[in-house]
Amino acid sequence: MPPRITAPRGARDLLPEQGEAWTRLEAIARDLSRRYAFDRLDTPLFERVELFARGLGETSDAVEKEMFRVSGAAGSEEERAEWALRPEPTAGIVRAFVEHGMHVRPGPLRVWMLGPMFRYDRPQAGRYRQFTQWDVEVLGDPGPMVDVELVELAHRFYALAGVRGVVAHLNSIGDAECRPRFRRALLDYFGSHEDRLTDDSRRRLRVNPLRVLDDRDLDADLAANAPRSLDHLCHACREHFSTVRSLLDAMGLAYRLDHRLVRGLDYYTRTTFEFFVAGREGQQQALGGGGRYDGLVELLGGRPTPGIGFGIGLDRVLLAGEEQGIPPAVSDPLIVVVSADPGAMVDRLRVASVLREAGLRVRPDGSTRRLGKQLESASKVGAHWAVIVGDELQRDAVVLRDLSTGHQEEVELAGLAEAIGSR
RNA sequence: GUGGCCUUAGCUCAACUGGCAGAGCAUCGGAUUGUGGCUCCGAAGGUUACGGGUUCAAGCCCCGUAGGCCACCCCA
């Protein structure tokens, strides 16, 4: 026997029994996208490495150590890995925005996307090399109203998905004008305490001082006394953030200020947020996150255009739901068409066809087993109804049996779908 | 990328000190040719994750690899 081939590390199969739950989550995402007036925009699963390097920042973890690289066919010009599977959606969407000159479209562009993202890190529960994200982006809207609209949208998604106790962590990390000052303050502060930093943080201090705040090994007092971005915001950023906060309050949306929330990707400016189940913040289980990126379009060669968006990890939402004991998703009632006559294949197909025409969910039993076996099998696959095709067909009728009660009666074919639908 | 724990049938797990690889559930068939869920009988299902080593003998001991999980790291 040849060696067995298994799924790639960190990638999973979606099994039939999980399908309904995924379909339900995706349906919520699609419906909310529609209700909040976002239009669908899909970009390729892979892009040039250069796009992510420029967009997310050379020193971001996503680029520095998690890039899932792909190359062209052996012998092709692209045999060297020049592409990478997308680690996040924003860079690709902004690339498309610039490439297709979408800045000339009327009004801010509001788009959504749903699909797999890839990061080459070490898998763990809730952390996969391929994971699915629902993403929304708004380009050309400086806010601050839209900032709050997005936080509200995310909250609504979690509520509909049935995850309770989701809390938004919020921060503002300034813009091109004030961020350099904040950066310098961090450099001065951590530079004078360099002996108390981990090796990793010392390295970060040189390449990206903001991310020292991400270090969870940071001594408590060192962290508590560290410069806060909110204290270094320029006037415009301070105004922006203050309006965001008052709008959140007015909308009754709870949030927690998190001074250490700086986000791992360099493109963020001003408002940043991450969503957690309250009390589980420490366990690397962010359910979603996002923020404003007012400089990214320009960075990728477009005209200066503000942007904001978020991504929600559906895998983790599903996990959180399971942990909270959310009842499993149920599918539509199933009807199985059975017959004692092995030759009645056409009859079974025709009856099934009639029911499907009426929108019902039907699987005909194609076997030649005894009727009892067919009914048993129907029960086991979870059918609610059995339609028994037999001699009654000469009178244009079949027997409709309720598999949960055992009650059955002869029903005219013409009224069968209605008879099922009315119960 | 670092450290730790784990891997036996589709699933959950047994297998004494290194001595014939098993059970329950699930699947399929029969008892029962137009009436299921219960019961009884039977079948099928394994390179014990993979590769090597020690041994008369390895699921068990040793080494390596892969995968899963946990803690880091980071994020969704």
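Bear in mind that the values here come from a model prediction, so they are computed numbers and not experimental data. Just so it is clear: chains get the letters A, B, ... in the order the sequence lines come, proteins before strands, and each one is counted from 1.
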Q: Indicate whether any N or O donor in one side chain lies under 3.5 Å from an N or O acceptor in the other, for A/His259 and A/Arg228.
A: yes
Q | Nucleotide pairing, RNA chain B (Watson-Crick or G-U, distances under 3.5 Å), in dot-bracket with [ ] and | | A | (((((((..((((.....[..)))).(((((.......))))).....(((((..]....))))))))))))....
Q) When you measure from the side chain of A/Arg127, which nucleotide among B/C70, B/G68, B/A76 comes out closest? A) B/A76
Q: Can you figure out which of B/G29, B/G34, B/C73 approaches the side chain of A/Lys373 most closely?
A: B/G29
Q.
Using a heavy-atom cut-off of 4.0 Å across all strands, would you classify A/Leu314 as base, sugar-phosphate, or nothing?
A. nothing
Q: Map A/Ile312 and A/Lys65 onto RNA chain B by nearest heavy atom, then report which one ends up closer to the 5' terminus.
A: A/Lys65
Q | Nucleotide nearest A/Val399 when distance is taken to its side chain, options B/C28, B/G34, B/G36 | A | B/G34
**Q.** Short side-chain donor-acceptor distance under 3.5 Å, A/Tyr293 and A/Thr90
**A.** no
(Q) For a quick check, tell me whether the side chain of A/Gln408 and the base of B/U35 share a donor-acceptor pair closer than 3.5 Å. (A) yes
Q: Go through B/G67, B/G34, B/C70 for me and flag the one nearest to the A/Ala340 side chain.
A: B/G34
**Q.** Residue A/Arg122, side-chain atoms from C-beta onward, closest of B/G34, B/U2, B/A76
**A.** B/U2
(Q) Which nucleotide wins on minimum distance to the side chain of A/Gln124, given the candidates B/U35, B/C70, B/A76? (A) B/C70
Q) Would you say the side-chain atoms of A/Tyr120 and A/Arg69 include a donor-acceptor pair closer than 3.5 Å? A) no
Q) Where the side chain of A/Glu376 is concerned, which of B/G37, B/A76, B/G67 is the nearest nucleotide? A) B/G37
Q. Do we see a donor-acceptor contact under 3.5 Å between the side chains of A/His240 and A/Asp147?
A. yes
Q. Cut-off 3.5 Å, side chains only: do A/Ser367 and A/Asp365 have a donor facing an acceptor?
A. yes
Q.
Considering every strand and a 4.0 Å limit on heavy-atom distances, what is the contact class for A/Glu392: base, sugar-phosphate, or nothing?
A. base
Q) A/Asn171 side chain to A/Leu261 main-chain N or O, any donor-acceptor pair under 3.5 Å? A) yes
Q) Under 30°, 30 to 60°, or over 60°: which ring-plane class applies to A/Phe276 and A/His169, parallel, tilted or perpendicular? A) tilted
Q) Hey, does A/Ser379 reach any base, or is it just sugar-phosphate, or nothing, if we go heavy atoms under 4.0 Å? A) base
Q) Looking at the side chain of A/Arg370, which of B/A76, B/G30, B/C70 is the nearest nucleotide? A) B/G30
